[in-house]
Amino acid sequence: MPELPEVEVVRRGLERWVAHRTVADAEVLHPRAVRRHIAGPDDFAHRLEGHRIGTPSRRGKYLWLPLEDTGQAILAHLGMSGQLLVQPHEAPAEKHLRVRVRFTDALSTELRFVDQRTFGGLSLHDTTPDGLPDVIAHIARDPLDPLFDDEAFHLALRRKRTTIKRALLDQSLISGVGNIYADEALWRSRLHYERPTATFTRPGTAELLGHVRDVMNAALAVGGTSFDSLYVNVNGESGYFDRSLDAYGREGLPCRRCATPMRRRPWMNRSSYFCPKCQRAPRPA
DNA sequence: AAGCTCTCCTGATGGC
DNA sequence: TGCCATCAGGAGAGCT
């Protein structure tokens, strides 16, 4: 499940293997993979041809490849199971290959978008003057962005009438955090996922943001989390952070701080993992 | 109007 | 063994 660290690993791979190459042609094998490109699969493919790829960028879980001299960029979201792979031309087609992009140079590799569950996708969009695709203007800066505004985030938490995990997953407040890193950061902060955001103090918010950044940087350093092998880098390799997870997926296992068995609770059509002793439920209002 | 629920999708897994 | 239910969950549409 790609979140910020995993998407950043992919971005770095694209920077190394795809940036500055010119598109020869593109092929859409499954229309759902480009459903956010309103003009359709043929238009998407044709508009890439002949254009050079700039330096890949990322905000939260979105990444994009600028198309030089067009004012547009290829926007990518990996969803649950999307992969951007740099493969030799002769590599057999993956079972869930959705889009293929070939280049004009003599390097023997092509870019492939592979996605089992098709929650992810590619699309082309105009970029705003700061280089951001216009359709993700509502996505907040992510916590590893030097321009992320900690004070504004704190004030937004105070203003909201919701709970902390919902807020962490709200991409318009803070981007790049998904279910795994939310649970990890909350465990590190000894916070229950249902703590009301309005109760946060400045030091409390600062501590939480510190843990969000720490856990994401630690994951980034080992290539991200590959919990179920659906996440891989552009060379098809898994990351190693799954073995460093303290909360996510650890139902029944001892808390690494206090040895109390960890719990899993159904939450928003997914799961929350937490230590019932370290992360006490807030008092009912 | 903010906050919350629902829906899209495929494959792995478990119960009977 | 086969069949059905459940689970994984990002993000935006839609509802209250």
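Residue numbers start from 1 in every chain, and the chains themselves are labelled A, B, ... in the order their sequence lines are given, proteins ahead of strands. Here the structure is a predicted model, which is why all the values come from computation and not from measurement.
- Looking at Lys165(A) and Leu186(A), their side chains come closer than 4.5 Å, going by heavy atoms from C-beta outward.
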Can you give the donor-acceptor pairs under 3.5 Å from side chains of residues 201-210 of chain A to other protein atoms, not counting sequence neighbours?
residue, atom, partner, partner atom, Å
Thr201(A), OG1, Gly204(A), N, 3.1
Arg202(A), NE, Glu151(A), OE1, 3.0
Arg202(A), NE, Glu151(A), OE2, 3.4
Arg202(A), NH2, Glu151(A), OE2, 2.7
Thr205(A), OG1, His154(A), ND1, 2.7
Thr205(A), OG1, Thr201(A), O, 3.2
Glu207(A), OE2, His211(A), NE2, 3.4

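- Nucleotides of DNA chain B with any atom under 4.0 Å from a heavy atom of chain A span, from 5' to 3', dG3(B) to dG11(B).
- One side chain, Tyr181(A) or Glu6(A), offers a donor N or O that lies under 3.5 Å from an acceptor on the other.
- Using a 4.0 Å heavy-atom distance criterion, Arg35(A) is classed as making no nucleic acid contact.
- Between Phe153(A) and Phe148(A), the two ring planes are tilted [angle within 30° to 60°].
- Regarding Trp267(A), its CH2 atom lies at a distance of 11 Å from the C1' atom of dG9(C), rounded to whole Å.
- Shown here is Arg47(A), whose CZ atom has no more than 12 heavy atoms of other residues, nucleotides or ligands within 6.0 Å.
- One atom, CZ of Arg117(A), and another, C1' of dT6(C), lie 13 Å apart when rounded to the nearest Å.
- Among residues at least two apart or in separate chains, salt bridge (Lys or Arg N to Asp or Glu O under 4.0 Å) pairs with a member in residues 209-222 of chain A are Asp150(A)-Arg213(A).
- Evaluation of the ring-ring contact (aromatic ring centres under 6.0 Å, His included) rule for Phe113(A) yields no partner, not counting sequence neighbours.
- Under a 4.5 Å side-chain heavy-atom criterion applied to ILVMFWY residues, the cluster that includes Leu132(A) comprises Tyr62(A), Trp64(A), Leu75(A), Val135(A), Ile136(A), Ile139(A) as well.
- A search for salt bridge (Lys or Arg N to Asp or Glu O under 4.0 Å) contacts involving Asp42(A) returns nothing, not counting sequence neighbours.
- In this structure, CD of Gln171(A) is placed 14 Å from P of dG9(C), rounded to the nearest angstrom.
- Look at Arg102(A) and Asp25(A) and you find a salt bridge, because one of the NZ, NE, NH1 or NH2 atoms lies within 4.0 Å of a carboxylate O, short of that distance.
- The stretch residues 4-15 of chain A has no heavy atom under 4.0 Å from DNA chain B, so no residue of it qualifies as close.
- We find that CZ of Arg265(A) is positioned 17 Å from C1' of dC7(C), with the value rounded to whole Å.
- Remark: Arg112(A) engages Glu94(A), Glu110(A) in a salt bridge (Lys or Arg N to Asp or Glu O under 4.0 Å) (not counting sequence neighbours).
- Between the P atom of dG10(C) and the CD atom of Gln116(A) lies a distance of 15 Å, rounded to the nearest Å.
- In this structure, Ser271(A) reaches the sugar-phosphate backbone alone: every heavy-atom distance under 4.0 Å involves primed, P, OP1 or OP2 atoms, never a base.
- Comparing the helix axis at one end of the helix from dA2(B)-dT16(C) to dC16(B)-dG2(C) with that at the other, each defined from 5 consecutive pairs, gives an inter-axis angle of 50° (nearest 10°).
- Side-chain N/O atoms of Arg32(A) and Thr118(A) include a donor and acceptor closer than 3.5 Å.
- Side-chain atoms of Asp69(A) and His51(A) include no donor-acceptor pair closer than 3.5 Å.
- Look at Phe119(A) and the base of dA11(C); the rings do not stack under the cut-offs of 5.5 Å between centres and 30° between planes.
- Between the CG atom of Leu78(A) and the P atom of dA11(C) there is a distance of 10 Å, given to the nearest Å.
- Within the 4.5 Å cutoff, the side chain of Glu184(A) has heavy atoms near those of the Leu245(A) side chain.
- For the salt bridge (Lys or Arg N to Asp or Glu O under 4.0 Å) test, no residue two or more places apart in sequence or in another chain qualifies with Glu237(A).
- Between the P atom of dA11(C) and the CG atom of Leu75(A) lies a distance of 11 Å, rounded to the nearest Å.
- Using a 3.5 Å distance cut-off with no hydrogens or angles, the side chains of Ser272(A) and Arg265(A) do not pair a donor with an acceptor.
- Taking 4.0 angstrom as the limit, Asn269(A) places none of its side-chain polar atoms (N or O) nearer than this to OP1 or OP2 of dG9(C).
- Near DNA chain B, meaning a heavy atom under 4.0 Å away, the residues from residues 149-163 of chain A are Lys160(A), Arg161(A), Thr162(A).
- Note on Arg270(A): a side-chain N or O is less than 4.0 Å away from OP1 or OP2 of dG10(C).
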Can you tabulate the close N/O pairs, meaning under 3.5 Å, that link protein atoms to atoms of nucleotides 12-16 of chain C?
residue, atom, partner, partner atom, Å
dG12(C), OP1, Tyr62(A), OH, 2.6
dG12(C), OP2, His138(A), NE2, 3.2

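- By the neighbour-count criterion of 12 heavy atoms within 6.0 Å, atom CZ of Arg256(A) is densely surrounded, having more than that number from other residues, nucleotides or ligands.
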